[in-house]
Enquirer: 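Below you will find the structure I want to go over with you.
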Amino acid sequence: MNYGRRPTRNILSLITCSIQIIGGSGLSSGYSELKLQRLAQASSLSYISMDKMASSPYYKTCKLEPITQVIDQESESGATIFRADENNNSKLVVACRGSANTKNFGTNLKFNLVPATRLSQITPEDAMVHEGFQAASLGLWKELSPKLMEHIDLTSTSEVEFTGHSLGAATALLCATHYNASFKEGPLPSIVTFGGPKLCNSVLAQHLRNDALEGCNILHLVHSKDPVLANNQKLWDSLGFENVGIELECDPHSSTVYDAEESVPKKKTSLFGNFAWNIVDHCKYMGVFVGPRAFS
């Protein structure tokens with residue numbers, strides 16, 4: 001669907017570094033470490049049904065109001081739309097849920113690269129994308145699109161942010177791609193992901209950052225103790241996968257984000273040495289537990 005044309009904007013493209021760290025203690029382009037931590041909290045809340053969110057300590061600290069939750073029945077991928085009203089402007093945050101059931105884990109395992117023909121736009125001939133993530137994001141976008149159309153006020157909605165953890169990081173990036181192709185009059189999306197996988201080849205990565213998501217902030221937050229990232233890196237490299245945005249390391253236990261040129265403090269060596277082995281570490285980002293709960 002196409003909802004008109006977005007006015008031309010004078011925006012720096014990602015290729016000129018849309019996100020920069022200043023002295024390791026603050027982020028430009030509207031991102032502070034506190035804001036990123038709140039997005040991690042929104043990603044965490046996306047694992048919980050709306051009627052149970054109030055029981056989470058992140059419900060108040062993220063300062064976002066959950067307004068609707070959707071699930072794609074085919075892939076069982078889900079997302080929650082949050083709203084924050086600031087200075088007479090409304091901000092929407094779309095938090096895509098990570099893996100929470102067997103179908104979601106099945107989506108992760110469909111890692112063959114296939115033609116990127118289901119992203120609401122024409123892509124370069126050799127553009128390839130993770131098969132499972134493309135299918136899941138398309139199904140999820142069909143559920144999200146009418147809800148976003150209902151809640152986006154073109155006169156007062158100043159920001160639309162897509163975020164998510166793990167599988168939700170992948171669907172967040174691709175749903176933002178669908179959004180930008182469809183909501184031409186809405187604000188440009190920004191994307192912040194936590195513990196997200198690489199999901200496409202260099203041709204599609206270049207197309208997304210230079211064309212489909214030109215001018216959008218795209219930040220991938222990772223950490224070295226995340227076993228899912230550490231143990232899949234060789235596979236992604238062998239398959240030719242590439243990041244779309246800027247990758248920065250964060251602390252799993254605090255709201256610290258490290259400059260690309262700043263050394264990350266070394267942790268004490270465990271019995272396993274430096275090997276990333278604890279699956280719980282995949283769910284720890286910026287002092288937030290981001291993962292499924294037994295009661296969700």
Side-chain angles (χ1 to χ4, degrees), residues 39-59 62 64 66-82 93-112 114 118 129-148 162-178 191-199 220 222 226-232 235-236 241 252 276-285 288-296:
L39 290 176
Q41 292 170 346
S43 297
S44 177
L45 290 171
S46 72
Y47 283 89
I48 306 173
S49 60
M50 284 182 59
D51 62 324
K52 296 179 180 177
M53 281 186 188
S55 64
S56 169
Y58 307 140
Y59 183 75
C62 77
L64 295 169
I67 54 177
T68 192
Q69 202 165 49
V70 300
I71 295 178
D72 167 40
Q73 295 302 317
E74 180 65 27
S75 68
E76 296 186 9
S77 294
T80 305
I81 302 177
F82 297 86
V93 173
V94 181
C96 295
R97 193 197 68 219
S99 300
N101 53 59
T102 54
K103 272 199 173 182
N104 294 162
F105 290 109
T107 293
N108 295 330
L109 294 175
K110 296 177 183 176
F111 51 73
N112 289 331
V114 297
R118 308 171 71 192
V129 66
H130 183 290
E131 179 181 8
F133 298 155
Q134 177 172 236
S137 65
L138 177 60
L140 187 55
W141 175 245
K142 289 178 179 178
E143 302 297 326
L144 277 171
S145 178
K147 298 296 183 181
L148 281 172
F162 287 80
T163 190
H165 165 258
S166 195
L167 165 63
T171 53
L173 176 61
L174 295 180
C175 281
T177 303
H178 285 288
I191 303 99
V192 176
T193 69
F194 302 92
K198 295 180 180 179
L199 54 77
H220 307 301
V222 301
D226 186 327
V228 174
L229 303 187
N231 298 323
N232 281 287
L235 172 65
W236 292 332
F241 286 28
W277 63 275
N278 189 347
I279 192 62
V280 176
D281 287 333
H282 179 55
C283 301
K284 293 179 179 178
Y285 273 83
V288 178
F289 178 83
V290 192
R293 278 75 148 182
F295 64 85
S296 59

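All figures in this text were calculated on a predicted structure; none of them were measured in a lab.
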Enquirer: Would you check if the side chain of Glu131 reaches a backbone N or O of Asn112 as a donor-acceptor pair within less than 3.5 Å?
Expert: no

Enquirer: Should the pair His165 and His282 be assigned to parallel (<30°), tilted (30 to 60°) or perpendicular (>60°) ring geometry?
Expert: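 His165 vs His282 ring planes: tilted.
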
Enquirer: When rounded to the nearest 0.5 angstrom, what distance separates CG in Leu144 from SG in Cys96?
Expert: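 Spacing of CG (Leu144) from SG (Cys96) equals 6.0 Å.
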
Enquirer: Please give me the minimum heavy-atom distance between Glu143 and Ile71, naming the atom from each residue.
Expert: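 Residues Glu143 and Ile71, closest heavy atoms: CG-O, 3.6 Å.
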
Enquirer: If you measure from NZ on Lys103 to CG on Asp72, what distance do you get to the nearest 0.5 Å?
Expert: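 Result: 8.5 Å between the selected atoms.
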
Enquirer: Indicate yes or no for a side-chain donor-acceptor contact from Gln41 to the backbone of Leu64 under 3.5 Å, with no hydrogens or angles considered.
Expert: no

Enquirer: Find the distance between CH2 (Trp236) and CZ (Phe111) and round it off to the nearest 0.5 Å.
Expert: 11.5 Å

Enquirer: To the nearest 0.5 Å, tell me how far Phe82 CZ sits from Cys62 SG.
Expert: 6.0 Å

Enquirer: Looking just at side-chain N and O atoms, do Ser44 and Arg97 make a donor-acceptor pair shorter than 3.5 Å?
Expert: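 Short answer, no.
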
Enquirer: Walk me through whether Ile81 and Val70 qualify under side-chain contact (heavy atoms from CB on, under 4.5 Å).
Expert: CA-CA 8 Å; Ile81 302 177; Val70 300; 5.8 Å; no

Enquirer: With sequence neighbours left out, write down each residue that passes side chain to side chain contact (heavy atoms under 4.5 Å, CB included) with Ala136, or none if nothing qualifies.
Expert: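 Side chain to side chain contact (heavy atoms under 4.5 Å, CB included) list for Ala136, sorted by chain: Ser75, Ser77, Thr107, Thr171.
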
Enquirer: Any sub-3.5 Å donor-acceptor pair from Asn101's side-chain atoms to Asn104's backbone N or O?
Expert: yes

Enquirer: Under the side-chain contact (heavy atoms from CB on, under 4.5 Å) test against Ser137, which residue among Val129, Leu199, Leu174 passes?
Expert: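 Answer to the side-chain contact (heavy atoms from CB on, under 4.5 Å) test with Ser137 among Val129, Leu199, Leu174: Leu174.
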
Enquirer: Determine whether a donor-acceptor pair (N or O, by modelled atom type, separation under 3.5 Å) exists between the side chain of Ser56 and the backbone of Tyr58.
Expert: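 Confirmed, Ser56 side chain pairs with Tyr58 backbone.
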
Enquirer: Taking the side chain as every heavy atom from C-beta outward, state whether Pro66 and Tyr59 have any atom pair closer than 4.5 Å.
Expert: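 Pro66 vs Tyr59: side chains touch.
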
Enquirer: Do you know the tightest heavy-atom contact between Ala40 and Val288?
Expert: O-CG1, 3.8 Å

Enquirer: Evaluate Phe162 against Val93 for side-chain contact (heavy atoms from CB on, under 4.5 Å), listing each step before the verdict.
Expert: CA-CA 6 Å; Phe162 287 80; Val93 173; over 6 Å; no

Enquirer: What are the two closest non-hydrogen atoms of Gly98 and Tyr47, and how far apart are they?
Expert: CA-OH, 3.1 Å

Enquirer: Within the structure provided, determine whether Ser49 and Gln69 are in side-chain contact (heavy-atom separation under 4.5 Å).
Expert: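 Yes, side chains in contact.
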
Enquirer: Return yes if a side-chain donor-acceptor contact under 3.5 Å exists between Ser43 and Thr163, otherwise no.
Expert: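 Indeed, the side chains of Ser43 and Thr163 share at least one donor-acceptor pair under 3.5 Å.
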
Enquirer: What distance do Thr177 atom OG1 and Arg118 atom CZ have between them, rounded to the nearest 0.5 Å?
Expert: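 Thr177 atom OG1 to Arg118 atom CZ measures 14.5 Å (nearest 0.5 Å).
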
Enquirer: If I compare all heavy atoms of Tyr285 with all of Leu229, which pair ends up nearest, and what's the gap?
Expert: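 In this case the closest contact between Tyr285 and Leu229 is OH-CD1, 3.6 Å.
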
Enquirer: How far apart are the closest heavy atoms of Ala95 and Ala42, and which atoms are they?
Expert: CB-O, 3.6 Å

Enquirer: Give, for atom CG of Leu138 and atom CD of Glu74, the distance between the pair rounded to the nearest 0.5 Å.
Expert: 10.5 Å

Enquirer: Would you indicate whether Lys147, at its atom NZ, is surrounded by more than 12 heavy atoms from other residues, nucleotides or ligands within a distance under 6.0 Å?
Expert: no

